[in-house]
There are 2 protein chains.
Amino acid sequence: MSKPNTKVALIEAASRLFRLHGYEGISLNDILKNSNIPKGSLYHYFPNGKEELAVAAIHHTKDIVLAWIEKSFEQTSNPVEAVQDHIHQLADLLNDETEPVGFPIGTIAAEKYSTNEPIRAACQSAFEEWRELYSTKFIEAGYSEKLAKDYGVFILAAIEGGILLSLTTKNVESLLIIADQIPFILSKREN
Amino acid sequence: MSKPNTKVALIEAASRLFRLHGYEGISLNDILKNSNIPKGSLYHYFPNGKEELAVAAIHHTKDIVLAWIEKSFEQTSNPVEAVQDHIHQLADLLNDETEPVGFPIGTIAAEKYSTNEPIRAACQSAFEEWRELYSTKFIEAGYSEKLAKDYGVFILAAIEGGILLSLTTKNVESLLIIADQIPFILSKREN
DNA sequence: ATTATATTAGACTGGTCGGTTTAATTATTT
DNA sequence: AAATAATTAAACCGACCAGTCTAATATAAT
């Protein structure tokens with residue numbers, strides 16, 4: 001109990017660094033140096049080492065992104081505007097040095113989906129919760145269940161891909177183009 | 001000249017393994033063992049080591065995917081059908097063990113966009129050539145230049161994101177949902 | 001046949017990796 | 001104050017990393 005500040009600081013540093021460089025691209029020593037935490041503490045809080053820390057970091061990253069999405073939907077009851085707002089905020093954040101977005105979950109998922117089951121499962125749960133949040137909001141806005149689910153998957157995929165394109169090209173244009181397409185995607189057609 | 005089979009085999013092995021496990025997740029020894037090529041040959045053909053091999057592998061992967069896209073567009077003049085066909089083929093290939101898709105370019109791009117400029121640039125050129133191919137085909141099918149470009153970006157992002165979701169969830173459903181949405185995306189509206 | 005060049009072979013290096021260990025220290029409880 | 005538990009500290013480990021090096025061997029050119 002009391003104040004597990006060290007554990008939280010460790011997860012936050014790991015979340016940030018894994019987001020930016022992936023699982024294999026960051027060493028435990030990097031994370032410890034970055035957060036000024038001794039190695040003994042890491043293995044005290046995470047006896048299973050890097051994998052266990054990564055799973056905690058993935059859940060933390062998931063929560064951060066969930067809050068971002070939620071915030072955009074709180075500002076308007078129009079889901080089109082909310083999704084566009086979320087994408088625009090991502091575009092603004094991409095080059096932020098204080099809380100860099102990196103490629104949240106995506107990098108670790110791409111690296112480890114076939115070789116580390118606990119990490120893959122953690123990434124899957126992040127994607128699923130993000131998708132569920134979208135779908136819930138779409139249903140609240142009057143979309144059918146089927147449409148809400150399909151649109152959730154589609155929006156999530158387009159945003160993940162858009163982040164990857166924007167990071168790789170060092171240019172947010174891809175994300176902005178995707179945001180512009182959102183109104184045409186989220187129609188209430190019946191299919 | 002003569003027969004640089006060794007070099008080609010090296011690039012093919014590197015392309016496959018980087019696609020599956022990313023840049024940091026595969027060691028040079030892994031690649032050499034997988035292709036039965038001695039280390040001396042690697043540094044003979046690629047004096048700059050892992051980075052230079054990775055750039056060659058990225059270009060090779062780019063060409064493979066370009067050929068896949070081209071093939072789908074050769075089978076029909078309807079771009080909607082072509083894109084859907086391409087996505088369905090990706091879904092079929094995801095679990096293929098002989099030529100596994102992995103997350104082509106995406107993993108390396110996500111890992112190294114901020115820390116290795118030659119690799120980032122190679123990944124950018126891959127994304128751009130894929131996008132250009134889509135756009136060219138859309139223009140041939142009568143879309144405006146603006147639409148062709150925006151749709152190219154959008155389709156590329158959705159497919160990249162869809163692959164990532166399908167790999168992470170070990171389920172091609174995400175890709176199939178995206179394929180189903182394609183007809184509604186690629187309308188010839190003027191904007 | 002001789003020379004020159006391209007390629008293969010793998011032992012070796014310094015450094016870093018994730019992880020372990022043991023002891024010292026700090027905080028909490030009684 | 002004493003005893004117990006939680007936390008910190010850093011030296012240390014074997015494994016593996018990318019990259020180097022030198023010699024052997026094959027191939028091509030003359």
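In what follows, chains are A, B, ... by sequence order, proteins preceding strands, each numbered from 1. Small disclaimer: the values here were computed from a predicted structure and weren't measured.
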Select base, sugar-phosphate, or nothing to describe what B/I26 touches, counting heavy atoms under 4.0 Å on all strands. sugar-phosphate
Closest approach to the side chain of B/K50, judged atom by atom: which nucleotide of D/dA9, D/dG19, C/dT8 is it? D/dG19
Just the rounded figure in Å: distance from P of C/dT20 to CZ of A/F46. 16 Å
Nearest to the side chain of B/K39, heavy atoms from C-beta on, is which of C/dA11, C/dT8, D/dT7? C/dA11
Give the nucleotide from the list C/dC17, D/dA18, D/dT8 with an atom nearest to the side chain of A/D30. C/dC17
Rounded interatomic separation in angstrom, taking CG from B/N29 and P from C/dC12: 15 Å
Ranking D/dT8, C/dA9, D/dA18 by distance to the side chain of B/L28, first place goes to D/dA18
Take the angle between the ring planes of B/Y143 and B/F138 and call it parallel below 30°, perpendicular above 60°, tilted in between. tilted
With respect to the side chain of B/S41, which nucleotide from C/dT20, D/dT8, C/dT8 is positioned closest? C/dT8
Just the rounded figure in Å: distance from P of D/dT8 to CG of A/N36. 12 Å
Please tell me which of the listed nucleotides, C/dG18, C/dT7, D/dT20, lies nearest to the side chain of B/Y45? C/dT7
Could you check how far NE2 of A/H44 sits from P of C/dT20, rounded to whole Å? 16 Å
Mind checking B/G49 for me? I need base, sugar-phosphate or nothing, with any heavy atom below 4.0 Å counting as a touch. sugar-phosphate
May I ask you to decide whether A/R120 forms a salt bridge with A/E117, counting only side-chain N to carboxylate O separations under 4.0 Å? yes
Using whole Å, what does the distance between atom P of nucleotide D/dC17 and atom NZ of B/K33 come to? 8 Å
Under a 4.0 Å N-O cut-off, is there an ion pair linking A/E51 with A/K112? no
Checking C/dC17, D/dA18, C/dT20 against the side chain of A/Y43 (C-beta onward), the nearest is C/dT20
What is the distance from CG of B/L10 to C1' of C/dT8, rounded to the nearest Å? 13 Å
Mind checking the CD-CG spacing from A/E173 to A/L165? Nearest 0.5 Å is all I need. 10.5 Å
What integer distance in Å separates B/E24:CD from D/dA18:C1'? 11 Å
Ignoring hydrogens and angles, state whether a donor on the side chain of B/K170 or B/N95 is under 3.5 Å from an acceptor on the partner side chain. no
If I take atom CG in residue B/N5 and atom P in nucleotide C/dA6, what distance separates them, rounded to the nearest angstrom? 18 Å
